[in-house]
Amino acid sequence: MPDRPVRVRIAPSPTGDPHVGTAYQALFNSAFARRHGGAFVLRIEDTDRARSTPESERAILSSLRWLGLSWDEGPDVGGPHAPYRQSERLPIYREHVERLLAAGHAYRCFCSRERLERMREENRANKEFPGYDRLCRGLDPAEAARRAAAGEPHVVRMKVPTEGHAVMHDLLRGEIRRDWASIDDQVILKTDGFPTYHLANVVDDHLMEISHVIRGEEWINSLPKHVRLYEMFGWQPPVFCHLPLLRNADRTRSKLSKRRNPTSIEYYRRAGFLPEALLNFLGLMGWSPPDGEEKFSFDEMVRSFELERVSLGGPVFDVEKLRWLNGRYIREDHDAARLVDRLAEWALNRETFERIAPLAQPRLQTLSDWGYLTAFFFADDVPFDAEQVAIRGLDREATLELLQIASLRLDARRTWNADELDADFRRLAEATGLKLRDLTKPFYLVLTGRSAATPLFQSMEILGPDLCRVRLRRALERLGPVSAKKRKQAERRMVEIFGEPAP
RNA sequence: GGCCCCGUCGUCCAGCGGUCAGGACACCGGCCUUUCAAGCCGGGAACACGGGUUCGAGUCCCGUCGGGGUCACCA
C-alpha cells in the first residue's frame, strides 16, 4: 500500500437508471475511505456523448443519497480537484493526449469505422486476433499531424507493446499476467474530441490523487492498458482492487441485468425497501463482519471493514434474503409511530393521495371504496389472472408481442408523464390498427392487477417508471418467456413504430 | 472461440494445514397462538473432480470440468 492518504472514488456513467451495482461499488469505496480516514470522491464519467444525460446524473446522485451514502468531493459538492464531471475537463485530456503524441506513445489513426468493422469481421472469421491491425501506427507523425490540422477526422490511439507480457497487481487476486500480443492499440481520444474511459479514467485518477481504485471485476481486462498509461505518463499507479460482480438469481448467473432482475435503486425505493436495509444487504455481498452479525449499519460496517475480507465468488443478488432483512429493520428498529413516519416518507402521504384523488373520486361511492381501488399504487407486484390477458381479435402470440413492444418503449423513455404515455399508446394502437381501449386492456391487468381501474396513463405516471417497467417485465416473464429471437423482432418493431432516438 | 477472473449447503457468508465443516436466507417439522406473520426449538442440505505437497488438506501447487467477465470511437 503506498504511503499516501487514502482517496477513493466511484465513477458512474450517467447513461441510465441508478443501478444497484453502482450503489454496491459506492458502499465499498465509501466504507474503505471512512475506515482509513480517507476521502471518497464521486466523479461523473460522461464521456459518452450519445448516451449521457443530465436526468440520469441527477437520478444517480439522488439515489445514492437516499441510500445514505455521501461523498467528500463531487459535481454537486465541489472540491479541490473540480470539476468532477469529465465533460467539463476536456482541455485536460487534450493536453495529456498531446503529451503522449509528442512522446511517441500515441498516434493518430484515420481508419474509417467501415474498415475497422471489415477487419474485425475477417479476423474473427479466420479466428485471428480481432484487435486493430495498427495500420496507422506506421504513419509519419508529421504527416499525420498535417492531415489532422487539415480537418481530417481521426482518433488517437495509445501504443501498446507488441510482445512480452504485462504484469499487474490486484489487492485481492495478487499478480495478474497478460500477454501484450492479446491487446490492441486502444483508442484514447475519439473523433468528437472526447476521451475514452481508459484515458479519462487514468488521467483523472492521477490528478485527483486516487490511492485505491476499487471497482468491478469487469475492468480487469482493461487493466493492462491502464497500467501502461500510468507508465507512459511516468505516474505512480494506484492500488487496484477488483470486486466481484453482482449476479442474477436465475440459472444464468450472469452479471445483474435489468432484463432478469430489478436493478434500479429507484425500484427498490418505490417497492418499499428501506435504504438502510438495502445498503446493509449490499454490504453482505462478498463481505461479512468478523462477528458474523448480518444486520449492521453503515457506521458499524465501517468500524470493522477490511477490504482484504472480500470474497471473490460472484454473489447472487437474492431478493428473498433482502426482503427478510428489510423485515427485520421494520420490526426491530421501529415502534408503531416511527413506522407510520416511514410509511409517510415512502408513499402514504398527503401529496400522493392528492395526486390519486382526482382519479379515484369519480369512481368512489363510499370513502371505503378507496382502499381497494387504489391499493395497486402501494404495492410492489400485483396479482392478475393470466387467462384474461388478451387483446380483442389478436391471438396470444400477437398480444405478447405488443406487451413486449410497449415494454421496450417504456424502457427507452427518459421522461415519464401521462401525456407522453398517452401519445405512445395511441401511436402503438395506430401502428397496429387497434382501438386504444382494446390495446390498453391487458396493460390495466398487468399494471394494476385489475381489468378496471383508475385511468391507465395517469396511474402509470403516479406509479412511476420503475414499478411499471418491473410489473411489465414480470408479466412478460410469467405469460411466456420471450425468446431472444422474438425479442429482437419486437425491438425492430418498436424502432419502426417509435423511431430510434428515445425521448 | 482466445484471453482473464472465480469455484464451501439451492442462495449469501465463516473457515485462512489438525473443526462432528459453522451461521443466515429459503425449505420441511414442532412449539406458541383467535388467523396470519413474528418468535422459539428441531431437521434435511455443501467443500466440483483428479492428481500431487504434507504426519495431516475445504484450506498450498498442478490439471480437468464448471461458472462468469472481456474482446467498441460504451463505460
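Since we're looking at a predicted model, the values are computed, not measured. Sequence lines set the chain letters: A, B, ... in the order given, protein chains first and strands last, and positions in each chain run from 1.
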Tell me the interatomic distance from [X], atom [atom1], to [N], atom [atom2], rounded to whole angstroms.
X	N	atom1	atom2	result
A:H334	B:rA38	NE2	P	18 Å
A:R251	B:rG67	CZ	C1'	13 Å
A:I188	B:rA72	CD1	P	17 Å
A:I220	B:rA75	CD1	C1'	16 Å
A:N248	B:rU11	CG	P	14 Å
A:D291	B:rA14	CG	C1'	11 Å
A:R178	B:rU70	CZ	P	13 Å
A:E217	B:rG7	CD	C1'	12 Å

Check every strand shown and say whether [X] touches a base, only sugar-phosphate, or nothing at a heavy-atom separation below 4.0 Å.
X	answer
A:L245	sugar-phosphate
A:T47	sugar-phosphate
A:E294	base
A:S311	sugar-phosphate
A:R49	nothing
A:R323	nothing
A:V155	base
A:G292	nothing
A:G286	sugar-phosphate

Taking only the side-chain heavy atoms of [X] (C-beta and beyond), determine which of [options] contains the nearest atom.
X	options	value
A:D318	B:rU11, B:rG68, B:rG39	B:rU11
A:S182	B:rA24, B:rG15, B:rC3	B:rC3
A:R51	B:rG68, B:rC74, B:rC12	B:rC74
A:S288	B:rC4, B:rC13, B:rC73	B:rC13
A:Y197	B:rA75, B:rC6, B:rC12	B:rA75
A:I176	B:rC13, B:rC4, B:rA72	B:rC4
A:V316	B:rG39, B:rC25, B:rC12	B:rC12
A:R120	B:rC73, B:rC74, B:rA14	B:rC73
A:N221	B:rU11, B:rA24, B:rG69	B:rG69
A:R253	B:rG69, B:rG67, B:rA75	B:rG67

Would you measure the distance from the [atom1] atom in [N] across to the matching atom in [M] and give it in whole Å?
N	M	atom1	result
B:rC16	B:rC49	C1'	23 Å
B:rG29	B:rG15	P	34 Å
B:rC62	B:rC47	P	23 Å
B:rG63	B:rC55	C1'	26 Å
B:rG39	B:rG22	C1'	23 Å
B:rC12	B:rG52	P	32 Å
B:rC5	B:rC61	P	13 Å
B:rA21	B:rU8	C1'	8 Å

If pairing requires Watson-Crick or G-U wobble contacts with both distances under 3.5 Å, which nucleotide is the partner of [N]?
N	result
B:rC9	none
B:rC47	none
B:rU53	none
B:rC31	B:rG39
B:rC71	B:rG1

- With A:D204, which of A:R9, A:R7, A:R89 fulfils salt bridge (Lys or Arg N to Asp or Glu O under 4.0 Å)?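 Result: among A:R9, A:R7, A:R89, A:R89 is the only option passing the salt bridge (Lys or Arg N to Asp or Glu O under 4.0 Å) with A:D204.
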Could you tell me whether [X] and [Y] make a salt bridge, using a distance below 4.0 angstrom between a side-chain N and a carboxylate O?
X	Y	value
A:R51	A:D48	yes
A:R65	A:D76	yes
A:D411	A:R473	yes
A:E276	A:K295	no
A:E294	A:K321	yes

- No-H, no-angle donor-acceptor pair, A:K321 side chain to B:rA26 base, under 3.5 Å: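 No pair found.
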- Message: Quiz question: going by heavy-atom distance under 3.5 Å, is there a donor-acceptor pair between the base of B:rC73 and the side chain of A:T191?
- Response: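 Present.
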- Message: Using 30° and 60° as the class boundaries, would you call the ring planes of A:H206 and A:W235 parallel, tilted or perpendicular?
- Response: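 Judged by the thresholds at 30° and 60°, the geometry between A:H206 and A:W235 is parallel.
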- Would you kindly compare A:H198 and A:E175 by the position of their nearest RNA chain B nucleotide and give the one closer to the 5′ end?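 Residue closer to the 5' terminus by nearest nucleotide: A:E175.
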- Message: Judged by each residue's nearest nucleotide on RNA chain B, which is more toward the 5′ side, A:R173 or A:D48?
- Response: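 The residue whose closest nucleotide sits nearer the 5' end is A:R173.
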With respect to the phosphate group of [N], does any side-chain polar atom (N or O) of [X] fall under 4.0 Å of OP1 or OP2?
X	N	value
A:K190	B:rC74	yes
A:R331	B:rG39	yes
A:K295	B:rA24	no

- Message: Could you check, using the six-membered ring where one of them is a Trp, whether A:F40 and A:F32 have ring centers closer than 6.0 angstrom?
- Response: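 For A:F40 and A:F32, the ring centres are not under 6.0 Å apart.
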- Item | Side chain A:H226, main chain A:H198, donor-acceptor under 3.5 Å |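 Answer holds: no.
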- Whether A:H96 side chain and A:I92 backbone form a donor-acceptor pair below 3.5 Å: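 A pair under 3.5 Å: yes.
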